[in-house]
Amino acid sequence: YWAATRASAEADDLDAALDLATEGVNRHSAHPVLRNNLAVLLEATGAMAEAEAALRQLLAEETALPQPFKNLGDLCYRAGRYDEAATHYTRAAALAPELGDDLYFKLGNLAFRERDVARARQCWERTLVLNPGHQLARANLDTLRVAR
């Protein structure tokens with residue numbers, strides 16, 4: 001199910017991918033990766049409340065996987081629930097420090113929003129370690145240097 005869902009999603013057939021992900025979860029309801037992927041597809045198709053509910057249910061049962069925390073953080077971030085987003089992102093980073101540049105970029109944005117410039121700098125620098133080509137993180141750091 002994982003591979004077929006991914007193939008459909010990569011072919012921009014989100015309806016087929018969502019159907020496959022749903023079937024996979026129905027057949028293997030305890031599989032956390034399939035459940036996470038279903039939540040991502042729900043979000044991608046605009047079913048934000050369903051995606052959030054699926055992630056919350058998954059995280060109530062499985063707390064060792066970083067990606068569901070990151071994905072729930074993304075939903076909260078987009079909804080403007082920044083404190084909650086930061087909590088989920090921080091948990092994801094603790095579980096998988098190499099999870100990705102987007103995680104640290106958003107943690108930096110959230111730190112800057114809270115006026116924690118030192119933490120923002122640290123997060124954006126980490127973003128560049130993971131992805132030296134991340135232009136927004138570089139621009140944010142440049143802005144901090146100019147503002148000194």
K.L.:
Kindly indicate whether the side chain of L136, heavy atoms from C-beta on, has any atom under 4.5 Å from the side chain of T127.
P.N.:
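SC-SC contact between L136 and T127 ruled out.
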K.L.:
Grouping I, L, V, M, F, W and Y whenever their side-chain heavy atoms are under 4.5 Å apart, do L130 and F69 come out in a common cluster?
P.N.:
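The answer is no; the residues belong to distinct hydrophobic clusters.
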K.L.:
With the side chain counted from C-beta on, respond yes when H31 and V25 share a heavy-atom pair under 4.5 Å apart, and no when they do not.
P.N.:
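In short, these two side chains do not touch, never coming nearer than 4.5 Å.
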K.L.:
Determine, stepwise, if the pair D83 / E114 fulfils side-chain contact (heavy atoms from CB on, under 4.5 Å).
P.N.:
CA-CA 10 Å; D83 289 341; E114 294 295 319; 4.0 Å; yes
K.L.:
Below 4.0 angstrom, N of the basic side chain to O of the carboxylate: do R35 and E61 qualify?
P.N.:
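Answer for the salt bridge query: yes.
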K.L.:
Considering only NZ, NE, NH1 and NH2 on the basic side and carboxylate oxygens on the acidic side, decide whether D142 and R138 come within less than 4.0 Å.
P.N.:
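No, no charged N to carboxylate O under 4.0 Å.
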K.L.:
So how far is it from K106 NZ to D101 CG, rounded to the nearest 0.5 Å?
P.N.:
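Interatomic distance, K106 NZ to D101 CG, rounded to 0.5 Å: 10.0 Å.
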K.L.:
Please examine the side chains of L107 and T90, heavy atoms only from C-beta on, and report whether any two atoms are closer than 4.5 Å.
P.N.:
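T90 reaches L107 side chain to side chain.
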K.L.:
Between L42, N71, L38, which is the residue that forms a side-chain contact (heavy atoms from CB on, under 4.5 Å) with L55?
P.N.:
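Exactly one pass, corresponding to N71.
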K.L.:
If we check side-chain contact (heavy atoms from CB on, under 4.5 Å) with N36, which of these qualifies: V33, V40, L34?
P.N.:
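Only match with N36 under side-chain contact (heavy atoms from CB on, under 4.5 Å): V40.
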K.L.:
Tell me the closest heavy-atom pair linking L99 and P66, and the distance in Å.
P.N.:
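Result for this residue pair: CD2-CB, 4.2 Å.
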K.L.:
With a 6.0 Å cut-off (strictly less than), is the heavy-atom count around OH of Y77, excluding the residue itself, greater than 12?
P.N.:
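Yes, the 6.0 Å shell around OH holds more than 12 heavy atoms from other groups.
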K.L.:
So which heavy atom on G108 is nearest to which on A120, and how close?
P.N.:
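What the structure gives for the nearest pair is O-CB, 3.4 Å.
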K.L.:
Without swapping roles, check the side chain of Q135 against the backbone of G133 for a donor-acceptor pair under 3.5 Å.
P.N.:
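The answer is yes, because a donor-acceptor pair under 3.5 Å joins these two groups.
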K.L.:
How far does OG1 of T87 sit from CD of E84, to the nearest 0.5 angstrom?
P.N.:
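With rounding to 0.5 Å, OG1 (T87) is 7.5 Å from CD (E84).
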K.L.:
Do the side chains of D19 and T22 get nearer than 4.5 Å, heavy atoms only?
P.N.:
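The answer is no, as the side chains (C-beta and beyond) never meet within the 4.5 Å cut-off.
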K.L.:
Please answer: with hydrophobic residues joined when any side-chain heavy atoms are less than 4.5 Å apart, are V117 and Y82 in the same cluster?
P.N.:
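No, it is not one cluster - the side chains of V117 and Y82 are not joined through contacts under 4.5 Å.
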K.L.:
Does one hydrophobic cluster hold both V129 and L141, with members joined at side-chain heavy-atom distances below 4.5 Å?
P.N.:
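No, no single cluster joins them.
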K.L.:
Mind listing the closest non-hydrogen atom pair of L41 and A21 along with its distance?
P.N.:
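Between these two residues, the closest heavy atoms are CD1-CB, 3.7 Å.
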K.L.:
Please evaluate residues Q122 and R126 with respect to the criterion side-chain contact (heavy atoms from CB on, under 4.5 Å), reporting the C-alpha separation (whole Å), side-chain torsions for both, the decisive distance (0.1 Å), and the verdict.
P.N.:
CA-CA 6 Å; Q122 179 185 33; R126 180 76 178 133; 5.9 Å; no
K.L.:
If you count the non-hydrogen atoms of other residues, nucleotides and ligands that lie under 6.0 Å from CZ in R6, is the total more than 12?
P.N.:
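Not more than 12 within 6.0 Å, no.
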K.L.:
Any sub-3.5 Å donor-acceptor pair from H134's side-chain atoms to A137's backbone N or O?
P.N.:
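Indeed, once roles are kept as given, a pair shorter than 3.5 Å links the two residues.
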